[in-house]
Amino acid sequence: MNMEKIYKNSELNKSKPNKLEWQLIQNEMKRKLGSEVYESWLKKINFIEEFNSYILISVPTRFIRDWITSRYLDQILQIVKLFKKDLIRIEFKILEKNKNLDDQNNNDFSLKKSENISFLKDSLLQYNRVDHNKRFENFVTGSSNKLAYEASLKVTENFSQYNPLYIYGGVGIGKTHLLNSIGFELKKIKKVMFIPAERFMYQFIKSIKANDMVKFKEYFRNTDVLLIDDIQFMNGKEAMQEEFFHTFNALLEKGSQIIVSADRPPNKLSRIQERIKSRFSGGLVVDIQKPDLELRRNIIEKKINELNKLYKDKIEISKEIKDFISREVSNSIRELIGAINRLISFSRIYNKLPNLPETKVILKDLLNINENKVTIDLIQTLVCKFFKISKNEMLSPRRSRYLVRPRQTAIYLTKILTPKSLPEIGREFSNRDHTTIIHSVKTIERLKENDKDMAENINRLKNQILYNTRENEI
Ligand code: ADP
Ligand code: MG
């Protein structure tokens, strides 16, 4: 490389506008999401590279990635957006080496023989953490979850009476909260092991690779209470199921308590051995239903109270808005709480209470009513604007190259964003035949696979259609 080139490159780098300062973003994440969440999860994120509309970050494991994406991605996206306006998405890479070991100390599950512990200490202890914010005291009960709540409480009072206890239900309705509550209580007097099933598998595989099965077994079989979250993800190979089954039996035999959560009843678990399922069914099986209106209302009240305790000035959300949320955000308690968090954050940032239209915008992605809002007309308008063609051209029979792609794109987006059938879509695009519609959809799907720019454009358009209606501009 000659000097001139080097010089130019460094000039280029210098003039690159607004390079992302990850440290600032991290500070902001810590501030907004709290140091507990930050220390446990977000600190593990490493920044890799910045692109026009997205950034690439890395985390050490798939588990952490899944955890972060399911719980915090939305908020992280908002935070990074403060520093990078054009951000549309965040991509993750799994890089095992940036392990972060310093939060072991916070853990009250201590292994006595600390001299010989290799990765078990490094990784397992990190995950064996009971979340102190999820306790029985702040679990709001209603008809949908009372049984599960009471069974969980019983387990902490009458050790090993219901064994195993199997709690199942949909996403975001309190399973993990109950498991945590049990862990929190029992930890005071027993040795507790709390692990997501996915983590159990990961650890198992790692132990085999490292020739460390003895430690693995010892570790699990030593516990008085084994809480396994989301057992539906336990879909490992025979050897692992074998190990799990034996661990399970060994624990039951020595009188340890086992608590399992899942998204479905035992007999519906796929890829899990029959005998394990039947073991699950042999204990107490309770389900949690979707929250009814009354429970949703109570949770809203409780959450607002809780959040208001953190600040001097209280925020009073109007009855109209509370009614609206309790009606519209009905599937999951996680989303319900997320909705409240967003409204309260909005109030604090803009120093005013959101009115109903603003609420609808803030909560757009959480509201059930939104699904029908995307119209073919909106899609056509935005796609035409994007490709700088007129609607007449798009709907015309002309097959010029510069019209075909946009037309196919609009058809594709209509297919994925609306519930319309192929013939219906055909009618909206100047009575095109449904085979043309299929062809368009397939073409774009293929292009998306092979052409990164194309994929990005489509993604951008999709976001525009979903989020960029006029009322969105707060
Ligand atoms: P799941 O494990 O069923 O997907 P979680 O237990 O993670 O759901 O619950 C999602 C969120 O909702 C958590 O923040 C949890 O604390 C909260 N939550 C769930 N159920 C209740 C409840 N009955 N009372 C208070 N908070 C709840
Ligand atoms: Mg859960």
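For clarity, every value in this text was computed on a predicted model and none was experimentally measured. Note that ligands are numbered from 1 as they come in the structure, with each ligand's atoms numbered from 1 the same way.
Around atom 17 (C) of ligand 1, the closest heavy atom drawn from Asp131, Asp230, Ile167, Ile337 belongs to Ile337. When Lys146, Arg135, Lys175 are ranked by how near their heavy atoms come to atom 3 (O) of ligand 1, first place goes to Lys175.
Looking at Phe139 next to ligand 1, no N or O pair under 3.5 Å apart turns up.
Summarising the local packing, NZ of Lys268 is surrounded by 12 or fewer heavy atoms from other residues, nucleotides or ligands at distances under 6.0 Å. Other residues, nucleotides and ligands contribute at most 12 non-hydrogen atoms within 6.0 Å of the CG atom of Leu147.
Phe200 and Phe233 have their aromatic ring centers separated by at least 6.0 angstrom. For an aromatic pair to be called close, the ring centres must be under 6.0 Å apart, and Phe248 with Phe245 fails this.
With sequence neighbours excluded, the residues that form a salt bridge (charged side-chain N to carboxylate O under 4.0 Å, His left out) with Asp323 are Arg297, Lys319. When the side-chain hydrogen bond (donor to acceptor under 3.5 Å, both in side chains) test is applied to Glu137, the partners found at least two apart in sequence or on another chain are Arg135. When the salt bridge (charged side-chain N to carboxylate O under 4.0 Å, His left out) test is applied to Glu150, the partners found at least two apart in sequence or on another chain are Lys146.
Gly172 N, 2.6 Å is the protein heavy atom nearest to atom 4 (O) of ligand 1. Closest protein heavy atom to atom 18 (N) of ligand 1: Ile333 CG2, 3.3 Å. Scanning the protein heavy atoms around atom 7 (O) of ligand 1, the nearest turns out to be Arg334 NH2, 2.9 Å. Distance from atom 13 (C) of ligand 1 to its nearest protein heavy atom, with residue and atom name: Lys134 CE, 3.8 Å. In this structure, atom 2 (O) of ligand 1 lies nearest to the protein heavy atom Thr176 OG1, 2.7 Å. In terms of protein heavy-atom proximity, atom 24 (N) of ligand 1 is closest to Val140 N, 2.8 Å. Protein heavy atom in closest approach to atom 8 (O) of ligand 1: Gly174 N, 3.1 Å. For atom 16 (O) of ligand 1, the nearest non-hydrogen atom of the protein is His177 ND1, 2.7 Å.
Contact annotation for Asp229 and ligand 1: no heavy atom of the residue comes within less than 4.0 Å of the ligand.
Under the 3.5 Å distance criterion, the side-chain polar atoms of Asn138 are matched with a main-chain donor or acceptor of Asn133.
The atoms of ligand 1 that sit less than 4.0 Å from any heavy atom of Asn145 are 23 (N).
Nearest heavy-atom pair across Ala197 and Ile231 is CB-CA, 3.7 Å. The two residues Ile167 and Lys175 make their nearest non-hydrogen contact at O-CD, 4.2 Å.
Tyr168 does not carry Arg264 over the face of its six-membered ring by the limits of under 6.0 Å from the centre and within 45° of the normal.
Looking at Phe139, Tyr149, Phe136, Phe184 one by one, the single match for ring pair (Phe, Tyr, Trp, His ring centres under 6.0 Å) with His177 turns out to be Phe139.
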For this session: Show your reasoning for whether side chain to side chain contact (heavy atoms under 4.5 Å, CB included) applies to Lys462 and Leu413.
Result: CA-CA 7 Å; Lys462 191 171 121 193; Leu413 287 167; 4.2 Å; yes

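Around the Mg ion (ligand 2), the protein N, O or S atoms found under 2.8 Å comprise Thr176 OG1.
Under a 4.0 Å heavy-atom criterion, Gly170 is in contact with ligand 1.
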